[in-house]
K.L.:
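The following block contains the structure, expressed as structure tokens.
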Amino acid sequence: MRRLMPAFAILALPGLALAAPQCPSVADTPARPAAVAVPQVGGQPQPRPIPAAEIARSPALSRIASQGASVFDIGRPEDQHGLRAVYARNGDHFRVFYITPDGGAEIGGVMWDASGHNLTRDEVAPIRGTIPTVVLHGQGSSRSEPGAAASPATVNPVGRLSAASFGLYGRRDAPRVYMVVDPLCPYSTRALQTLQPYVDAGRLQLAIVPISINDYENHGASTPAAVAMLSAAPDGMVPVWRRIMAQGHAPADGAVSETAEAALTLNLDAAHAIGVRGTPTIIWSGRDGAPHEEAGLPDDVDGFVAGLAS
């Protein structure tokens with residue numbers, strides 16, 4: 001049996017958020033596909049809606065449902081180390097919770113096994129719109145992987161982000177990977193930490209595109225943090241971001257450039273244009289020259305880096 005890594009915490013459920021691997025955008029925009037009330041994937045087993053009477057018998061499920069969420073079963077306790085996996089959806093936002101055997105407490109977040117494999121991602125991947133993975137094959141055509149959210153087929157995400165405001169981190173001659181981040185999103189922070197060894201080895205260059213989508217979770221701290229990053233020179237954005245990570249907010253002594261707020265607006269427009277629904281989102285060119293876009297980091301980071309355009 002796989003051992004469970006302690007990668008989650010008990011939550012008080014202030015609201016619903018994306019389970020993994022992103023911090024979600026809080027509001028719909030015209031550029032984003034509309035949410036569906038009940039996830040559907042043709043030919044795939046569907047999550048079982050949990051009846052209201054069953055929810056009422058569980059304090060944990062009752063707390064989740066009290067936030068206006070619809071709750072579904074997605075995993076068996078014997079597969080989840082005695083915990084019951086449930087999927088909660090509220091509009092365009094969702095989260096996975098693991099319910100204790102007595103039904104009294106909920107654990108919100110991501111479950112990883114001892115090898116570092118993301119078990120939560122496997123559970124939600126068949127549900128449409130949860131793990132968007134889009135591969136574009138030239139202008140005007142696209143191929144979406146199972147469970148993928150739609151992305152505008154006429155927009156080349158690499159080309160669109162090349163005109164955004166971003167910081168550069170890594171060797172100039174290394175393959176470039178664009179990473180759309182919210183500076184206070186923990187998944188964005190984890191992605192930078194994961195890719196750090198590859199940057200250090202000269203195997204990729206990160207183009208960090210700051211946006212702000214997590215203000216609703218951190219009382220408006222993401223926007224000034226993103227503005228602080230965009231006030232820095234391209235090679236100074238990551239150092240500013242590291243200060244933000246350490247402090248949990250924008251540096252109080254940082255100078256704000258006159259163009260930073262406009263740059264943030266343009267970055268948000270670019271993110272919406274390519275269908276970004278959470279951070280981090282990574283965009284890159286493969287060896288065949290085709291642009292790729294994926295929510296969060298791939299599970300096989302070594303394989304992802306090996307497939308970058310040289």
Side-chain angles (χ1 to χ4, degrees), residues 17-18 20-26 157-158 160-172 174-271 274 276-284 293-297 301 304-305:
L18 191 63
Q22 294 183 304
C23 298
S25 173
V26 68
V158 174
R160 187 67 174 83
L161 290 187
S162 69
S165 296
F166 51 83
L168 292 174
Y169 184 49
R171 284 173 37 177
R172 303 274 174 170
R176 178 174 294 180
V177 173
Y178 292 90
M179 188 163 74
V180 182
V181 305
D182 182 303
L184 292 176
C185 167
Y187 295 119
S188 295
T189 300
R190 180 182 295 171
L192 179 66
Q193 294 168 341
T194 300
L195 294 176
Q196 179 77 56
Y198 300 93
V199 174
D200 292 343
R203 298 183 62 187
L204 63 84
Q205 179 197 54
L206 282 176
I208 304 293
V209 183
I211 63 172
S212 56
I213 63 170
N214 217 30
D215 282 327
Y216 72 103
E217 288 280 0
N218 54 41
H219 306 289
S222 283
T223 291
V227 168
M229 289 180 65
L230 290 164
S231 297
D235 60 356
M237 277 197 197
V238 169
V240 172
W241 190 13
R242 293 194 189 282
R243 290 188 64 192
I244 292 168
M245 293 177 197
Q247 299 174 11
H249 55 77
D253 57 352
V256 175
S257 75
E258 295 180 355
T259 61
E261 292 187 6
L264 177 57
T265 298
L266 293 175
N267 280 3
L268 286 165
D269 288 344
I274 66 174
V276 168
R277 302 183 65 170
T279 58
T281 294
I282 59 170
I283 294 93
W284 73 98
E293 178 178 348
E294 183 164 342
L297 290 180
V301 179
F304 153 65
V305 174

K.L.:
If you take all heavy atoms of Thr189 and Trp241, which pair is closest and at what distance?
P.N.:
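Reported closest heavy-atom pair: N-CZ2, 4.1 Å.
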K.L.:
So do Leu206 and Leu192 actually touch side chain to side chain, heavy atoms under 4.5 Å?
P.N.:
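Contact flag for Leu192/Leu206 side chains = yes.
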K.L.:
Applying side-chain hydrogen bond (donor to acceptor under 3.5 Å, both in side chains) to Tyr178 and Glu293, what does each step give before you reach the verdict?
P.N.:
CA-CA 9 Å; Tyr178 292 90; Glu293 178 178 348; over 6 Å; no
K.L.:
Run the numbers on Ser165 and Leu266 for side chain to side chain contact (heavy atoms under 4.5 Å, CB included), then give the verdict.
P.N.:
CA-CA 8 Å; Ser165 296; Leu266 293 175; 5.9 Å; no
K.L.:
Can you see which heavy atom on Ala191 is nearest to which on Leu297, and at what distance?
P.N.:
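Ala191 and Leu297 have their closest heavy atoms at CA-CD1, 3.6 Å.
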K.L.:
Kindly determine whether Arg172 and Asp235 satisfy salt bridge (Lys or Arg N to Asp or Glu O under 4.0 Å), including the steps that lead there.
P.N.:
CA-CA 11 Å; Arg172 303 274 174 170; Asp235 60 356; 5.3 Å; no
K.L.:
At their closest point, which heavy atom of Leu195 faces which heavy atom of Met179, and how far apart are they?
P.N.:
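Closest heavy-atom pair between Leu195 and Met179: CD1-SD, 4.2 Å.
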K.L.:
Given 3.5 Å as the limit, does a donor-acceptor pair link the side chain of Ser231 with the main chain of Ser257, or not?
P.N.:
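Present.
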K.L.:
Heavy atoms, side chains only, cut-off 4.5 Å: are Arg176 and Gln205 in contact?
P.N.:
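When only atoms from C-beta onward are counted, Gln205 and Arg176 do touch, with a gap below 4.5 Å.
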K.L.:
Ignoring hydrogens and angles, tell me if any N or O in the side chain of Asp182 forms a donor-acceptor pair with the backbone of Thr279 under 3.5 Å.
P.N.:
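Flag not set: sc Asp182 to bb Thr279 has no pair under 3.5 Å.
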K.L.:
Of all heavy-atom pairs between Ala250 and Ile244, which one has the smallest distance, and what is that distance?
P.N.:
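It is CA-CG1, 4.2 Å.
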K.L.:
Quick check for you: to the nearest 0.5 Å, what is the distance between Met237 atom CE and Leu168 atom CG?
P.N.:
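The distance works out to 8.5 Å.
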K.L.:
State, to 0.1 Å, how close Ser222 and Asn214 come at their nearest heavy-atom pair, and which atoms those are.
P.N.:
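Smallest heavy-atom distance, with atoms named: OG-CB, 3.4 Å.
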K.L.:
What are the two closest heavy atoms between Pro224 and Gly220, and how far apart are they?
P.N.:
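Heavy atoms only, the tightest pair is CD-O, 3.1 Å.
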K.L.:
Under 3.5 Å, is there a donor-acceptor pair between the side chain of Ser188 and the main chain of Leu184?
P.N.:
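No, Ser188 side chain to Leu184 backbone: no donor-acceptor pair under 3.5 Å.
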K.L.:
Go through the steps for Leu204 and Val199 under the test side chain to side chain contact (heavy atoms under 4.5 Å, CB included), then give the verdict.
P.N.:
CA-CA 5 Å; Leu204 63 84; Val199 174; 3.5 Å; yes
K.L.:
Is there side-chain contact between Arg243 and Asp253, with heavy atoms separated by less than 4.5 Å?
P.N.:
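Arg243 reaches Asp253 side chain to side chain.
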K.L.:
Within this structure, what is the CD1-OG1 distance for the pair Ile213 and Thr281, rounded to the nearest 0.5 Å?
P.N.:
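Result: 7.5 Å between the selected atoms.
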K.L.:
Taking Asp215 for its side chain and Thr223 for its backbone only, find out whether a donor-acceptor pair lies under 3.5 Å.
P.N.:
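Answer holds: yes.
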K.L.:
Is there a side-chain contact between His249 and Asn218 in this structure, where contact means two heavy atoms from C-beta onward sitting under 4.5 Å apart?
P.N.:
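When only atoms from C-beta onward are counted, Asn218 and His249 do not touch, as no gap falls below 4.5 Å.
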K.L.:
Considering only heavy atoms from C-beta outward, does the side chain of Pro234 approach that of Phe166 to under 4.5 Å?
P.N.:
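The answer is no, as the side chains (C-beta and beyond) never meet within the 4.5 Å cut-off.
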K.L.:
Start with the C-alpha distance between Ile283 and Arg160, add both sets of side-chain angles, then the distance that settles side chain to side chain contact (heavy atoms under 4.5 Å, CB included), and finish with yes or no.
P.N.:
CA-CA 10 Å; Ile283 294 93; Arg160 187 67 174 83; over 6 Å; no
K.L.:
Nearest 0.5 Å please: distance from the CG atom of Leu268 over to the OG atom of Ser212.
P.N.:
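Rounded to the nearest 0.5 Å, the CG-OG separation comes to 5.0 Å.
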K.L.:
With a 4.5 Å heavy-atom cut-off, do Pro186 and Cys23 have their side chains touching?
P.N.:
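Yes - at least one pair of side-chain heavy atoms lies under 4.5 Å apart.
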